[in-house]
Amino acid sequence: MKTMILMAATLVLAAPLAIAGGPDDDTLTINDDIEIVTKTDAPAHLDGLDTIYSGWHFRDDGTQEMEMDDFDNPGMIFVDMARDTWATPEGAAGKSCADCHNDPESMAGVRAVYPKWSEEAGEVRTLQMQVNACRTERMGAEPWKYDAGAAINMEALLASVSRGMPVDVAIDGPAGETWARGKELYYTRYGLLELSCANCHEQNFGNYIRADHLSQGQINAFPAYRLKNAKLNGVQGRFKGCIRDTRAETFSPGSPEFVALELYVASRGNGLSVEGPSVRN
Amino acid sequence: MKLAGPILVGLCAASATFAASTAPDDVIFGAYGEAETPLTGAAGDAVKGQRIFSEKSLGNCVSCHQLTSLPDVPFQGEVGPVLDGVGSYRTPAELRGILVNAKMTFDGTVMPAFYKTSGFIRPGDGYTGKAAQEPIQPILSAQDIEDVVAFLGTLTD
């Protein structure tokens, strides 16, 4: 903690971090190379916001800085683990991801368009569902547990090779119904506290709620390495935590509700760059 | 007991049920959401009310509201208005109504209803993420509400 504060103090950033009252004005370039769009006009379908911001803008300078260089980003350790997994044959077919897809870099752009309608499955699939479909249907391997271990590491690898590319999930056509369901969930006031996602992340982003500086709850930067629990956190695990904090009965990662919510929340970030694995507190 | 990262209000402090206390569903609101009748027979205790207002495990009002008279309470939030002087421009009946169910005063407000036990969507059991046990307990007890009303009433400058 102390070293982080020192790091922050010696950092020269575009502007000082705002103490309160909204996102800061800093800009994010990773490895002096990948420019990340962390702020842009809200997509046309989104009535509640004019400008969308990555959660990066709401973190302190020390946390922001960790994302600027892969050597400082603890999330990249898990990306490296997933690179090994990528090349390791598993399952009855004796195949690895690499046998069908070559390098992980061949997946550039994929993270940006998920969740996505799968024609063959006739459902909206998250990236983890798609990876598991490859495992069970093509490799003859066991599916990975949702939002945990190998699944989240693989998602981080796939995100990392798409960094800087704009999130662009489709919300119409066959995905439209799932998207509309997700939107309904987003605006539902759950739990004893009767709070919706929008109450905190649309109406109150930029405000502090107790010690937490509320962001827009965007998911362009997932998976997120959180300093709080020192591991990669998945989108749906985060949803679960937020709903739990409204003193509600949550949904489970991988449930149809959270798949729909993930599509909807992803679409609220259309135009931001893929940024994962990110660093958050 | 350490809770798994609650943001807002801590586990229910509502255990004491006084024979004389009004049940949540029986509270009568006036046209502007005010609640004239005290919820219990015992007068509110402002000192206890301040504690309920400030502590994370109790009312945790400071997660959304600031009070300059409480400089020692860290991390006061900004989701709701600053409450300095609220006791001089709000009557006890108005304060009681806002605490019991702020939506009766401010349509659609994000402020939670602290003395309400029905009409929730997927009510949970504290911060466990599991379904609530029936009967649902209000976030604050009738006496807690009276104590906080008494405390807010002291904020007159």
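A quick note: this is a predicted structure, and the numbers were derived from the prediction, not measured.
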Give a yes or no on this: more than 12 heavy atoms of other residues, nucleotides or ligands lie within 6.0 Å of atom OH of B:Tyr89.
yes
At a 4.5 Å cut-off on heavy atoms, which part of B:Ala131 comes close to chain A: side chain, backbone, both, or neither?
both
Other residues, nucleotides, ligands: >12 heavy atoms within 6.0 Å of B:Asp107 CG
no
dist A:Asn204:CG -> B:Cys64:SG (nearest 0.5 Å) comes out at 7.5 Å
Check whether A:Arg189 reaches the backbone of B:Ile121 with its side chain - one donor and one acceptor, N or O, closer than 3.5 Å.
no
Which answer fits B:Thr117, side chain, backbone, both or neither, if we ask what part of it has an atom under 4.5 Å from a heavy atom of chain A?
neither
d(B:Met111 CE, A:Leu195 CG) to nearest 0.5 Å is 11.5 Å
So which atom in B:Tyr127 and which in A:Asp245 form the shortest heavy-atom distance, rounded to 0.1 Å?
CE2-O, 3.5 Å
Distance check, rounded to the nearest 0.5 Å: B:Lys130 atom NZ versus A:Arg244 atom CZ?
11.0 Å
Please determine whether the number of non-hydrogen atoms from other residues, nucleotides or ligands lying under 6.0 Å from atom NZ of B:Lys48 exceeds 12.
no
Are A:Arg210 and B:Lys56 close enough that some pair of their side-chain heavy atoms sits under 4.5 Å apart?
yes
Flag side-chain contact, heavy atom, 4.5 Å: B:Ile139 against A:Leu193:
yes
To check you understand the geometry: which heavy-atom pair defines the closest contact between B:Ala113 and A:Glu194, and what is its length?
CB-OE1, 4.2 Å
Which of A:Ile243, A:Leu192, A:Leu214 touches chain B most, by non-hydrogen pairs under 4.5 Å:
A:Leu192
Is the side chain of A:Glu249 donor-acceptor paired with the backbone N or O of B:Pro123 at a distance under 3.5 Å, no angle test?
no
Neighbour count above 12 (heavy atom, 6.0 Å) for B:Phe75 CZ
no
Would B:Arg122 and A:Phe251 count as a cation-pi pair here, with the cationic atom under 6.0 angstrom from the ring centre and within 45° of the axis?
yes
Under 4.5 Å from any heavy atom of chain B, what part of A:Ser196 do you find: side chain, backbone, both or neither?
neither
Would you please test A:Gln203 and B:Val110 for side-chain contact (heavy atoms from CB on, under 4.5 Å) and show each step?
CA-CA 9 Å; A:Gln203 279 174 258; B:Val110 301; 3.7 Å; yes
Which bit of B:Ser118 comes within less than 4.5 Å of chain A, counting heavy atoms only: side chain, backbone, both or neither?
neither
